[in-house]
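One structure below.
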Amino acid sequence: VQLQAFGGGLVQTGGSLTLSCAASGFTLESYAIGWFRQAPGKEREGVSCMPSGRYSDSTYYADSVKGRFTISRDNAKNTVYLQMNSLQPEDTAVYYCARERTCRLITIATRKIWDYWGQGTLVTVSS
């Protein structure tokens, strides 16, 4: 089982980036995929989550990214995407993807819940 997060980079305020989380070793559609971020000196937080469809949970967005970020999934490519628009300096962080059965625990950003994590990709938004 492996998750690879990539697509980060340096962007100016108001710019856009699309992150990708490529999964291997398991069937993506059987799991929820969450995107998390950790800024320097802050705790890791759940940003968005794509449900598996097996449970009655919904796509999740943190209040801080609603209306700006969009999560999507391509089952054929075993990849989940996070389209980030109108980026702000406070979006600067290392972004991770991880898997769980359901999105209901997206606010608990620990390995005790989310069993596999991507390596993280750095997003830097300059002011």
Side-chain angles (χ1 to χ4, degrees):
V1 173
Q2 192 173 20
L3 292 169
Q4 290 184 305
F6 55 94
L10 174 64
V11 64
Q12 291 185 334
T13 297
S16 299
L17 281 174
T18 299
L19 305 183
S20 300
C21 177
S24 59
F26 67 100
T27 303
L28 183 68
E29 57 191 311
S30 298
Y31 287 84
I33 299 296
W35 280 100
F36 301 83
R37 67 185 180 187
Q38 188 164 20
K42 294 188 177 180
E43 293 186 353
R44 192 171 298 186
E45 62 171 343
V47 173
S48 183
C49 186
M50 172 62 73
S52 68
R54 288 191 166 188
Y55 301 91
S56 57
D57 50 347
S58 304
T59 303
Y60 169 88
Y61 296 99
D63 288 343
S64 57
V65 307
K66 279 181 182 176
R68 301 188 298 122
F69 290 12
T70 303
I71 194 169
S72 62
R73 180 174 61 201
D74 186 333
N75 290 332
K77 295 183 178 180
N78 239 28
T79 300
V80 171
Y81 304 96
L82 186 67
Q83 172 69 42
M84 306 185 297
N85 298 325
S86 301
L87 283 163
Q88 303 298 313
E90 52 266 33
D91 295 315
T92 295
V94 178
Y95 284 72
Y96 303 87
C97 59
R99 75 165 198 182
E100 219 285 311
R101 291 290 184 178
T102 172
C103 287
R104 295 170 191 168
L105 300 175
I106 184 65
T107 57
I108 306 175
T110 71
R111 292 184 182 272
K112 291 182 180 180
I113 302 297
W114 300 80
D115 59 354
Y116 284 92
W117 291 74
Q119 78 284 9
T121 184
L122 176 63
V123 172
T124 303
V125 184
S126 62
S127 57

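Nothing here was measured: the structure is a model prediction, and the numbers come from that model.
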Residues at least two apart in sequence or cross-chain that pass side chain to side chain donor-acceptor pair (under 3.5 Å) with K66, listed by chain then number, are D63
Closest heavy-atom pair, R44 versus A109, reported as atoms and distance to 0.1 Å, is O-CB, 3.7 Å
Sequence neighbours excluded, the answer for side chain to side chain contact (heavy atoms under 4.5 Å, CB included) partners of T27 is E29, S30
Partner of S48 under side chain to side chain contact (heavy atoms under 4.5 Å, CB included), picked from F36, Y61, F69, is Y61
Between P51 and C103 the two heavy atoms that sit nearest each other are N-SG, 3.4 Å
Original post:
Hey, any chance L3 and L105 share a hydrophobic cluster, counting ILVMFWY side chains that come within less than 4.5 Å of each other, even indirectly?
Top reply: no
Distance col, row Y81:OH vs I33:CD1, nearest 0.5 angstrom, shows 13.0 Å
task: Would you confirm whether Q88, through its side chain, and S86, through its main-chain N or O, come within 3.5 Å as a donor-acceptor pair?
output: yes
One should read off an interatomic distance between L28 CG and S52 OG, to the nearest 0.5 angstrom, of 9.5 Å
Under 3.5 Å, which donor-acceptor pairs link side chains of residues 93-102 to any protein atom two or more places apart or in another chain?
unit_1	atom_1	unit_2	atom_2	d
Y95	OH	R37	NH1	3.0
Y95	OH	D91	O	2.7
R99	NE	D115	OD1	3.0
R99	NE	D115	OD2	3.4
R99	NH2	D115	OD2	3.1
E100	OE1	T102	N	3.0
R101	NH2	Y31	OH	3.2
T102	OG1	D57	OD2	2.6
T102	OG1	R104	N	3.1

In short, salt bridge (Lys or Arg N to Asp or Glu O under 4.0 Å) pairs touching residues 73-90 with sequence neighbours left out are none
Answer yes if Y116 and L82 sit in the same cluster of Ile, Leu, Val, Met, Phe, Trp and Tyr residues linked by side chain heavy atoms under 4.5 Å apart, and no otherwise. yes
When rounded to the nearest 0.5 Å, the distance separating CE of M50 from OG1 of T70 is 9.5 Å
Interatomic distance, CD@Q4 vs OG1@T79, rounded to 0.5 Å, equals 9.5 Å
(request) Determine yes or no for a side-chain-to-main-chain donor-acceptor pair under 3.5 angstrom, with W114 supplying the side chain and I108 the backbone. (result) yes
Value for CG (L10) from OG1 (T92), rounded to nearest 0.5 Å, stands at 8.5 Å
Student check: side-chain heavy atoms of W35 and M84 closer than 4.5 Å: no
Applied to residues 8-21, the salt bridge (Lys or Arg N to Asp or Glu O under 4.0 Å) test, sequence neighbours excluded, yields none
For C49 and I106 the tightest heavy-atom approach is CB-CD1, 3.9 Å
Donor-acceptor pairs are to be reported for all side-chain atoms of residues 12-21 against protein atoms at under 3.5 Å, with residues two or more places apart or in another chain.
unit_1	atom_1	unit_2	atom_2	d
T13	OG1	S126	O	2.7
S16	OG	N85	OD1	2.9
T18	OG1	Q83	OE1	2.4

